[in-house]
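Encoded as structure tokens, the structure appears first; notes follow it.
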Amino acid sequence: MKMIFILGLLIFTAPVIAQDLHAVVYLTDKPDVAAALTDPTLILTQRAIERKRRHGVAIDARDVPINQVYVNAIKNMPGIDYRTQSKWFNAVHVVGDYTAIENLKTLTYIDRIDYADFTKSAQTIRQESFNEDVLLPAVYGNSQNQNEMIRLDALHNRGKTGNGIHIAVLDSGFPNVDLNRAFATARLEGRILGGYDFVDGDESIYGDNFHGARVLSIMAGQVSDGGVQYLGSAPDASYYLFRTEDAASETPVEMSYWVAAAERADSLGVDVLNVSLGYLGFDNSNESLTYSDMNGSSFISQGATTATEKGLLVVTSAGNSGQSIVHPWIAAPADAPGVFAIGAVTSNGSKSGFSSIGPTRDGRVRPSVVAQGTATQLVEESGNLRSGNGTSYSSPVIAGAMACLLQAFPDIPPAQLIIAVQQSASQGNSPDDQLGFGIPDFGKVFQTLSGEQPTNKKLVYFVKDNLLYINAAQGESALTFQLFNLQGQLLIDQKILPVDSIDLAIFPNGIYIFRVEGFEGGYKVVF
């Protein structure tokens, strides 16, 4: 988890510190708004337009691009270092000394300028994004645990694996995603859709810090070779990769990079944003956030809320400062109204000590729900299975699960899906500031939203010595058994007895899906 700052209006008349300042410069107007709203295909992809229509989201002036004539003039002003821009807020982020930034006010289209608030002296922790990573030997049982803890297998077994859903990962870098075996299936099927490096301003996305690649693996990873098995929470979803985080420093511009990436994701028709980042403190400690700022007012939190208003499902990690005596609370944008903020638990469901707590400063429940964030199984950038700690890793478990839920119920708005998931959770009727609504049950959510009634039919199965033992407990009639690999290829199609065994020794070790007549959906088997 990382940190950020709150934009506050600078109210002094002369600079008080001799260093470059970060500022967001707001503009007065946009060009051709009426024409763009009349024909939204001028400013949004058809997929984005359709997603907004499906969820009843209005296309408004916030969707119209910023005036690039204004932007170019700002870039050419003496002493101004332009960094990025936001169409939602009709603003640009600049860096410069106080005099140079103030001179921008001579331009007639400048509405206002908000500086980073270096007038306050806040005691706050520097909450590192990546210091909870612990590389340990992986155990597939734990990887299975992080999905089955939230009953995600109930969706996977129904074929709801994220197919057709687009997820944007906003993070610090994605080294070797173009080579890593964990993403071979996604690459082969064209489900790595591209991305952008907002920090360096180019499309070189397969480098920089490791964190984003590991986060991506928790959702998109599929490994089934050499005795190594792994399956992510949304293995069939499609992914955009956006670098918004500069791991080498902590400055306010990272907030603006994030908003710019969220805007691009929205324009592309992305369904889910995963945000395994959090902002609390900066290299310049006077710009840091405090608990009083955890009310949705920081620029990144305003951007996250706008993203939800535009129809995106924003899933964000709660933070890793739960053991701090200075700030044990959530970090931005987990405080943003509308986002799904994810805390962390151990493999047995106990709260992870590092997981940040709530509530928000204005009294809203945080975290929203929790998932496994201690010893979360992932695939690191060399292709090896490892485990890591952090709400950075519990967030993609839930983001992938929400993608599977969106596949199952594409016409239900994200806000309603969040409510349904919270109500399904272990503390659905009594949320607290430690676990929020608790551990969700996606099987229960599916039953509730689909109107499906629980059944007493139960399929019992297990694997031992490459034999799949099945007890269907449905009388004496023969049943049809089918076995598929992860590519959907039918490997076995035969009749079996209600209590029977199937020899799997002829197949390579891996992850397979089987179906049995009379039982809905498929069942995962690993050997």
Side-chain angles (χ1 to χ4, degrees), residues 4-11 20-33 36-37 43-44 59-98 100-118 170 196 198-199 201 242 244-246 251-267 273 275 279 282 287 289 293 296-310 312 314 332-333 336-338:
I4 214 161
F5 76 134
I6 184 153
L7 291 176
L9 182 63
L10 202 62
I11 57 175
D20 280 344
L21 308 177
H22 287 258
V24 174
V25 181
Y26 292 85
L27 308 179
T28 55
D29 62 283
K30 288 183 173 183
D32 304 321
V33 172
L37 297 184
I43 56 174
L44 298 169
I59 298 172
D60 57 32
R62 290 178 294 181
D63 296 299
V64 178
I66 198 169
N67 191 324
Q68 296 306 307
V69 174
Y70 295 172
V71 173
N72 290 332
I74 291 171
K75 288 180 179 179
N76 292 328
M77 290 288 283
I80 293 299
D81 180 7
Y82 164 87
R83 296 298 178 88
T84 192
Q85 60 187 268
S86 165
K87 66 177 182 180
W88 286 345
F89 296 100
N90 197 24
V92 297
H93 189 115
V94 301
V95 177
D97 64 34
Y98 178 74
I101 294 175
E102 283 295 296
N103 283 342
L104 293 175
K105 293 180 179 178
T106 61
L107 301 173
T108 58
Y109 42 80
I110 301 302
D111 179 55
R112 74 179 194 277
I113 299 175
D114 284 358
Y115 291 84
D117 186 2
F118 57 78
L170 284 63
Y196 192 75
F198 287 85
V199 178
F242 294 137
T244 65
E245 175 66 37
D246 183 355
T251 63
V253 72
E254 291 167 309
M255 169 188 64
S256 294
Y257 291 146
W258 188 95
V259 172
E263 292 174 353
R264 182 167 300 190
D266 176 55
S267 297
L273 299 186
V275 191
Y279 294 88
F282 281 115
E287 296 173 340
L289 292 173
D293 301 312
S297 58
S298 67
F299 192 67
I300 191 172
S301 295
Q302 292 182 56
T305 295
T306 301
T308 67
E309 293 170 353
K310 288 297 174 184
L312 290 159
V314 181

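Position 1 is the first residue of the sequence, and the numbers go up from there.
In this structure the side chain of Asp63 reaches within 4.5 angstrom of the side chain of Asp266, judged on heavy atoms. Side-chain contact check for Ile300 versus Pro333: some heavy-atom pair is nearer than 4.5 Å.
In this structure, the side chain of Thr305 engages the main chain of Pro337 through a donor-acceptor pair within 3.5 Å. Asp114 contributes no side-chain N or O that, together with a main-chain N or O of Val24, makes up a donor-acceptor pair within less than 3.5 Å. Although no hydrogens or angles enter the test, the distance criterion places a donor-acceptor pair under 3.5 Å between the side chain of Glu254 and the main chain of Asp246. With hydrogens and angles disregarded, a donor-acceptor distance shorter than 3.5 Å links the side chain of Thr306 to the backbone of Gln302.
Atom CZ of residue Arg62 and atom CD1 of residue Ile43 lie 12.0 Å apart, to the nearest 0.5 angstrom. Going from atom CG of Asp29 over to atom CG of Asp111 covers 10.0 Å, rounded to the nearest 0.5 Å. The distance from the NE2 atom of His93 to the CG atom of Asp81 is 9.0 Å, given to the nearest 0.5 Å. Atom CD of Glu102 is separated from atom OH of Tyr115 by 3.5 Å, given to the nearest 0.5 angstrom. Annotation: the span from Ile113 atom CD1 to Leu21 atom CG amounts to 11.0 Å, rounded to 0.5 Å. To the nearest 0.5 Å, atom OG of residue Ser256 and atom NE2 of residue His22 are 9.5 Å apart.
In this structure, Asp32 places its CG atom where only 12 or fewer heavy-atom neighbours from other residues, nucleotides or ligands lie under 6.0 Å away.
The pair Asp60-Lys310 meets the salt-bridge criterion, since a charged nitrogen lies less than 4.0 angstrom from a carboxylate oxygen.
Here the closest heavy-atom approach between residue Thr308 and residue Gly338 is recorded as CG2-O, 3.5 Å. Closest approach of Ala91 to Tyr26, counting heavy atoms only: CB-CD2, 3.8 Å. For Ala100 against Ile80, the heavy-atom pair with the smallest separation is O-CD1, 3.7 Å. In terms of heavy-atom proximity, Ile66 sits nearest to Lys87 at N-CB, 4.3 Å. For the residue pair Ala336 and Ser301, the shortest heavy atom distance occurs at CB-O, 3.4 Å. Closest non-hydrogen pair, Pro65 versus Lys30, comes out as O-CD, 3.9 Å.
When each of Val71, Val69, Val64 is checked for a side-chain contact (heavy atoms from CB on, under 4.5 Å) with Asn67, only Val69 meets the rule. For the pairing with Met77, the side-chain contact (heavy atoms from CB on, under 4.5 Å) check across Ile101, Thr106, Val94 returns one residue only, Thr106. Here the options are Tyr196, Phe198, Tyr257, the test is ring-ring contact (aromatic ring centres under 6.0 Å, His included), and the partner is Phe242; only Phe198 passes.
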Exercise for review: Let me see the working for Ile110 and Ile74 under side-chain contact (heavy atoms from CB on, under 4.5 Å), right down to the final yes or no.
Suggested key: CA-CA 10 Å; Ile110 301 302; Ile74 291 171; 4.1 Å; yes

Practice item. Report the C-alpha distance between Leu273 and Trp258 in whole Å, list the side-chain angles of each, state the deciding distance to 0.1 Å, and finish with yes or no for side-chain contact (heavy atoms from CB on, under 4.5 Å). Key: CA-CA 11 Å; Leu273 299 186; Trp258 188 95; 4.3 Å; yes

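Between Phe299 and Phe89, the ring planes are tilted. Angles from 30° to 60° get that label.
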